[in-house]
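Everything numeric here is computed off the predicted structure, so don't read it as measured data.
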Amino acid sequence: MLKINPRREEALVSLAVLRLRRGDVPGATTLLLRCCAIAPANAEAWDALGLGLMRTGDAVAGAGAFAEALSLVPRWLEPGLHLADAAFAAGAAEAELARLDAAVLADPLDPVGATVRGVLLERLGRRDEAIDALEVAVALVPDAARPTALLGGMLARTTRVDEAEKWLRRACDLNPDEPRLRNDHAAVLMRKHRHAQARAELIELIATDGEQVGVLCNLATATVSCGVQQEAVAIAERAVALAPEALSPRRALANTLPYRDAVTGAEMLAALTACSDRAPRGICFDRAPREACSDRALRGVCSDIGPDRVRSDRAPPFSETLLDPDRRLWVGLLSGSLRTHPVGWFTIAGFETLDPLAFEIIVLAQHGARDSIARRFRAIAKEWHDIDAIDDAGVTALARSAGIDVLIDLGGYGDAGRVLVCAHRAAPVQINWVGM
């Protein structure tokens, strides 16, 4: 078609999108630049160009392309969401939020502005405000699947699972052909302990859409929770076979294998080692040369970490810290279960009895709650950080800046567990206790 008419904009965009999907970013970007020059009013071309520029790592230029698409079609949600991602990547999230605040104030009935504002607020760690914004968007367009799905997904990252399930079920009704929504809905059903219902939903999803890694991982978890351990392990192994180098199937296998009858320690060690080996690595705290690092899991990624890791009121890390018997130890708790949950019940009394003259507690909380157990944890914590919206590397940076000496992971590979933070070496000493 382009041989007949090399200026045909629809063909240029379609071919560019195909090249993007195949990983040919330079080729796609060249086509899109030509299209935008030929047809500067083509919003789809500008949006696709932004995606290509983002793939090259140029978030600033990507943001410019998305902004152009949005100026051409002001109430098009996709470039608005892409612009939020680009602004965040470019370090301009606060400026973009200010622009959105002004736009929403000028046009409070704009569902796109409310939706994008909600997504950006969550990226900035302001989840309560983000949920409010998405609730406004859903009220403005109650039959639109995307804002409804975004609201349900955001609520699912909190302890408000009843509301999350309601909105994800609504999103599935609005867009029944989207398998990811059905998978997300099943995951929330599991958090509500409705494992049999989740399992049935996932089996139906596989029957209609085929086996996908994420669906199989959730099905393995739902199946083991229904007491069908042998089948659960087999499902996890099917996920591993589909994506042998991916982390999530290995994690599903590590979660299901302990419940299978007659599992051996050697099998568990092999499964956990395979899972750990696929986790992204951070910087080791060991000051020795790379070859001398004693931590097998971190060998090859060791590097010096200077004393600026800790705040000025805290001693330098490593040997000076550990040899000073008079300095308080800063103990970090990493968990998604510091609430009314077995992990919370089992551990709160122990942490409450720590000598406050010898220890300070810093909480890194996934799914932070406000129930009676959570209030007891908050009462003993010197610092409390909600980490739902922060990626693993970001949580590592937070832990290091807080000067944590000993990080206790209370989640492992279980539900809401953030054990992969430990792969980035968030503290000189890292321990797993109780959770998974």
Side-chain angles (χ1 to χ4, degrees), residues 17 20 25 29 32 36 42-141 144-158 164 167-168 171 175 178 180-181 184 386-395:
V17 170
L20 274 178
V25 177
T29 304
L32 291 165
C36 290
N42 189 318
E44 186 180 0
W46 284 107
D47 184 56
L49 176 61
L51 293 173
L53 291 168
M54 289 289 287
R55 292 275 293 275
T56 69
D58 193 345
V60 174
F66 296 135
E68 186 65 27
L70 205 56
S71 72
L72 293 167
V73 185
R75 290 202 173 188
W76 185 14
L77 180 57
E78 292 308 313
L81 293 172
H82 295 157
L83 178 54
D85 289 339
F88 191 86
E94 292 290 354
E96 176 61 13
L97 181 60
R99 187 193 71 78
L100 286 167
D101 288 344
V104 169
L105 190 62
D107 185 4
L109 299 182
D110 175 16
V112 170
T115 302
V116 177
R117 183 171 174 271
V119 169
L120 192 55
L121 280 165
E122 188 189 36
R123 295 290 297 275
L124 291 169
R126 295 160 61 179
R127 177 164 290 157
D128 289 344
E129 296 172 76
I131 291 171
D132 290 343
L134 285 178
E135 286 177 338
V136 169
V138 169
L140 290 171
V141 281
R146 191 68 187 280
T148 303
L150 287 168
L151 175 59
M154 192 175 294
L155 288 165
R157 293 187 287 276
T158 72
W167 289 116
L168 285 172
N175 190 3
E178 175 51 65
R180 186 171 63 180
L181 287 178
D184 290 348
D386 290 305
I387 61 171
D388 303 70
I390 309 175
D391 64 15
D392 293 336
V395 177

Who passes salt bridge (charged side-chain N to carboxylate O under 4.0 Å, His left out) against Asp132, sequence neighbours left out? none
Show me the donor-acceptor pairs within less than 3.5 Å that the side chains of residues 134-141 make with the rest of the protein, sequence neighbours left out.
none

Looking at residues at least two apart in the chain, or sitting in another chain, which of them share a side chain to side chain contact (heavy atoms under 4.5 Å, CB included) with Asp388? Arg127, Gln366, His367, Asp386
What heavy-atom pair brings Val25 and Gly52 nearest, and what distance separates the two atoms? CG1-O, 3.5 Å
Please collect all salt bridge (Lys or Arg N to Asp or Glu O under 4.0 Å) contacts where either partner lies in residues 61-75, sequence neighbours excluded, each pair once. Arg75-Asp107, Arg75-Asp110
With Asp184 via side chain to side chain donor-acceptor pair (under 3.5 Å) - residues at least two apart: none
Does anything in residues 44-58 pair up under salt bridge (Lys or Arg N to Asp or Glu O under 4.0 Å), and if so which pairs, sequence neighbours excluded? none
Return the set of residues passing side chain to side chain contact (heavy atoms under 4.5 Å, CB included) with Ala89 (not counting sequence neighbours), or none when no residue passes. Met54, Ala59
Heavy-atom pair of closest approach, residues Ala171 and Thr148: N-CG2, 3.8 Å
To the nearest 0.5 Å, how far apart are CG in Leu100 and CG in Leu105? 12.5 Å
Results of side chain to side chain contact (heavy atoms under 4.5 Å, CB included) for Ala95 - residues two or more places apart only: none
Beyond-backbone contact of Met154 with Thr158, side-chain heavy atoms, under 4.5 angstrom: no
Between OG1 of Thr115 and CG of Leu81, what distance do you get to the nearest 0.5 Å? 7.5 Å
Tightest non-hydrogen contact, residues Ala86 and Gly62, listed as CB-C, 4.4 Å
Which atom names give the shortest non-hydrogen contact between Ala84 and Leu120, and what distance separates them? O-CD1, 3.9 Å
With sequence neighbours excluded, residues passing salt bridge (charged side-chain N to carboxylate O under 4.0 Å, His left out) with Glu78: Arg146
Might you point out which heavy atoms bring Ala43 and Ala69 nearest each other, and give the distance in Å? O-CB, 3.4 Å
Scan residues 57-77 for pairs that pass ring-ring contact (aromatic ring centres under 6.0 Å, His included), counting only residues two or more places apart or in two chains. Phe66-His82
The complete set of ring-ring contact (aromatic ring centres under 6.0 Å, His included) pairs with one or both residues in residues 91-131, sequence neighbours excluded, reads none
Do other residues, nucleotides or ligands put more than 12 heavy atoms under 6.0 Å from the CZ atom of Arg180? no
Once rounded to the nearest 0.5 Å, what's the spacing between atom CZ of Arg126 and atom CD1 of Ile131? 13.5 Å
CG-CG distance between Asp85 and Leu51, expressed to the nearest 0.5 angstrom: 9.5 Å
Does Gly153 offer a backbone N or O that forms a donor-acceptor pair with the side chain of Arg157 under 3.5 Å? yes
Over all heavy atoms of both residues, which pair between Leu124 and Ala93 is shortest? Give the atoms and the distance, please. CD2-CB, 3.7 Å
Rounded distance (nearest 0.5 Å) linking atom CZ of Phe88 with atom CG of Leu97: 11.5 Å
Under the side chain to side chain contact (heavy atoms under 4.5 Å, CB included) test, which residues partner Arg99, sequence neighbours left out? Leu70, Leu83, Glu96
